[in-house]
Amino acid sequence: MEEQSRRQRIVCIVGPTACHKTELSIELAKRISGEIVSADSVQVYFGMDIGSAKPTVEERQGIPHHLIDCLPINTPEFSASLFRQLAASAINDILLRGKIPIVVGGSGLYVNALTYPLGFAVPKDDTARENAICEYDHNAKMAYARLKSVDPITAARLHPNDKKRIVRALEVFDCSGQPLSGYGADFQNSEGREAPFEPIIIGLTMDREQLYARINLRVDLMMEHGLLAEARAIYDVNYDRTLPAMKSIGYQQLFAYFEGNCTLEEAVEKIKQDTRHFAKRQLTWFKRDERIVWHDVTSWDDQKNDLIEQLARDAQVWMKGKTP
RNA sequence: GCCUCGGUAGCUCAGUUGGUAGAGCAAGGGACUGAAAAUCCCUGUGUCGGUGGUUCAAGUCCACUCUGAGGCA
């Protein structure tokens, strides 16, 4: 309890893409003297502006934004762990300046990295990963069986086809001698470690059909605002296509078009489709998080003023640390 | 007017010699610890266009009918 109250508090805004997170966060920041920390795995890259729905300088209205535009596209690897380091230092800075950090984003794992005591104890090990991939490709069943014997807890969580996670779990064991589950296998703080920050989490959601309609519309707007040229510029640089940034929605589909694998119309449809699927996955992720206080913003235009006022009060109470 | 081929799940279509239907996509649900806008898993009842008939049994055969596309006049 003593430790808990000493932990630094932050405000988080989460929810699926196209759910007014950006607008809300900026309005909130204006009222409570906040600064924004983006928890978004694509907005971190320079040059991916339209497709990642980065707020423009005008939209930011002078509110400082962190973790936007801080990596080149050809960054070979970024990770939740690295995000935590960068975001944590940004947040500490903000707090030192007496401002309120507002973490806003749709990358659920990134938010959890800041608000749960996630392990991230064993860094990526290229050799061990190579070997695990070979092992899995050679005989997936046996690779899974080995994980079962070496780390039964993680194996039980994972489906035998979940190559990426099985490989990672084997990698962790092979280079550390410890099972991945030994570093804390859940989000429930069962290991008793302390999370970096203590959040109030505001969740935005809306009627599914409405959300999908907004997504479709937003993709059309992105195209009008020059997404094609933005994607083309990135395509022309000829980056390694296995780079994480190259797989972002809105870009990979247009790359397929540039390569003649589909028409432009089909590519745009695919962007909408993939964005809808993505929004659904985000909702699944956030739904199980019982810390989130949800707000249905289906009728955003009518409710936003009241909602912003209310959330500004909630956030300020939270930051003063008066736990009920 | 005649001929041909269609009409089966939200969409595109399968459906063997008659045994009350099944794939892909969409959609829904779930998972998620150094790739997370990534990756992985689960879920298919629908007046088989309609009405009658043959049959123990019809999406499947027959008749009529509605409807779409194409062809010939």
Side-chain angles (χ1 to χ4, degrees), chain A residues 14 16-18 38-45 48 51-54 71 75-86 105-126 128-129 133 136 140 144 151 153-154 156-169 171-172 175-176 178-191 193 195 208-209 211-212 215 218-219 222 240-254 266 269-289:
Chain A
V14 301
T17 188
S38 163
D40 185 298
S41 64
V42 180
Q43 290 183 357
V44 292
Y45 296 107
M48 303 181 98
S52 72
K54 264 178 216 168
L71 297 174
T75 302
E77 49 197 59
F78 188 57
S79 64
S81 172
L82 189 52
F83 168 81
R84 178 167 66 183
Q85 289 175 34
L86 298 174
S107 298
L109 179 60
Y110 287 12
V111 175
N112 283 357
L114 290 172
T115 58
Y116 277 126
L118 298 191
F120 295 138
V122 182
K124 180 183 177 190
D125 182 298
D126 288 314
R129 183 168 297 188
I133 289 171
Y136 187 94
Y144 183 69
D151 184 353
I153 297 173
T154 300
R157 269 180 37 223
L158 300 179
H159 189 279
N161 291 355
D162 200 343
K163 173 175 171 179
K164 203 176 193 169
R165 294 195 175 80
I166 290 170
V167 164
R168 170 62 185 159
E171 170 194 335
V172 167
C175 66
S176 75
Q178 290 283 321
L180 177 61
S181 53
Y183 296 103
D186 54 46
F187 290 143
Q188 308 307 317
N189 195 11
S190 56
E191 297 299 297
R193 266 192 300 265
R208 188 68 66 92
E209 272 190 40
L211 178 63
Y212 285 1
I215 287 171
R218 193 169 75 163
V219 172
M222 285 177 177
D240 180 349
R241 290 291 280 280
T242 62
L243 289 166
M246 290 294 102
K247 295 186 175 169
S248 309
I249 295 173
Y251 301 94
Q252 52 150 313
Q253 296 84 354
L254 290 175
E266 285 166 346
E269 269 317 300
K270 191 73 168 42
I271 293 173
K272 293 176 183 175
Q273 188 81 72
D274 289 344
T275 308
R276 279 182 254 139
H277 285 160
F278 172 49
K280 189 159 124 58
R281 268 179 277 134
Q282 289 176 302
L283 282 167
T284 298
W285 177 283
F286 291 124
K287 247 190 268 179
R288 73 170 174 187
D289 191 334

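To find a chain, count down the sequence lines: A is the first, B the second, and so on, and within it residues start at 1.
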Value in whole Å for how far the C1' atom of B:G28 lies from CG of A:Leu211: 15 Å
Whether A:Phe83 and A:Phe78 hold their rings parallel, tilted or perpendicular, with breakpoints at 30° and 60°: perpendicular
Is [X] close enough to [N] that one of its side-chain N or O atoms is under 4.0 Å from OP1 or OP2 there?
{"X": "A:Arg168", "N": "B:G34", "result": "yes"}
{"X": "A:Tyr136", "N": "B:U39", "result": "no"}
{"X": "A:Arg208", "N": "B:G28", "result": "yes"}
{"X": "A:Thr284", "N": "B:G30", "result": "yes"}
{"X": "A:Asn161", "N": "B:C40", "result": "no"}
{"X": "A:Lys287", "N": "B:G30", "result": "yes"}
{"X": "A:Arg129", "N": "B:A35", "result": "yes"}

Report, one line per pair, each donor and acceptor closer than 3.5 Å where one atom sits in a side chain of residues 244-252 of chain A; sequence neighbours left out.
from	atom 1	to	atom 2	distance (Å)
A:Ser248	OG	A:Ala245	O	2.7
A:Tyr251	OH	A:Gly51	N	3.1
A:Tyr251	OH	A:Glu230	OE2	2.5
A:Gln252	NE2	A:Lys247	O	3.0

Positive for side chain to side chain donor-acceptor pair (under 3.5 Å) with A:Gln43, one of A:Ser107, A:Ser38, A:Ser52: A:Ser38
Kindly give the atom pairs (protein nitrogen or oxygen, nucleotide nitrogen or oxygen) under 3.5 Å for nucleotides 24-26 of chain B.
from	atom 1	to	atom 2	distance (Å)
B:A26	O3'	A:Gln273	NE2	3.0

Modelled atom types, side-chain donor and acceptor of A:Arg218 and A:Thr17, under 3.5 Å: yes
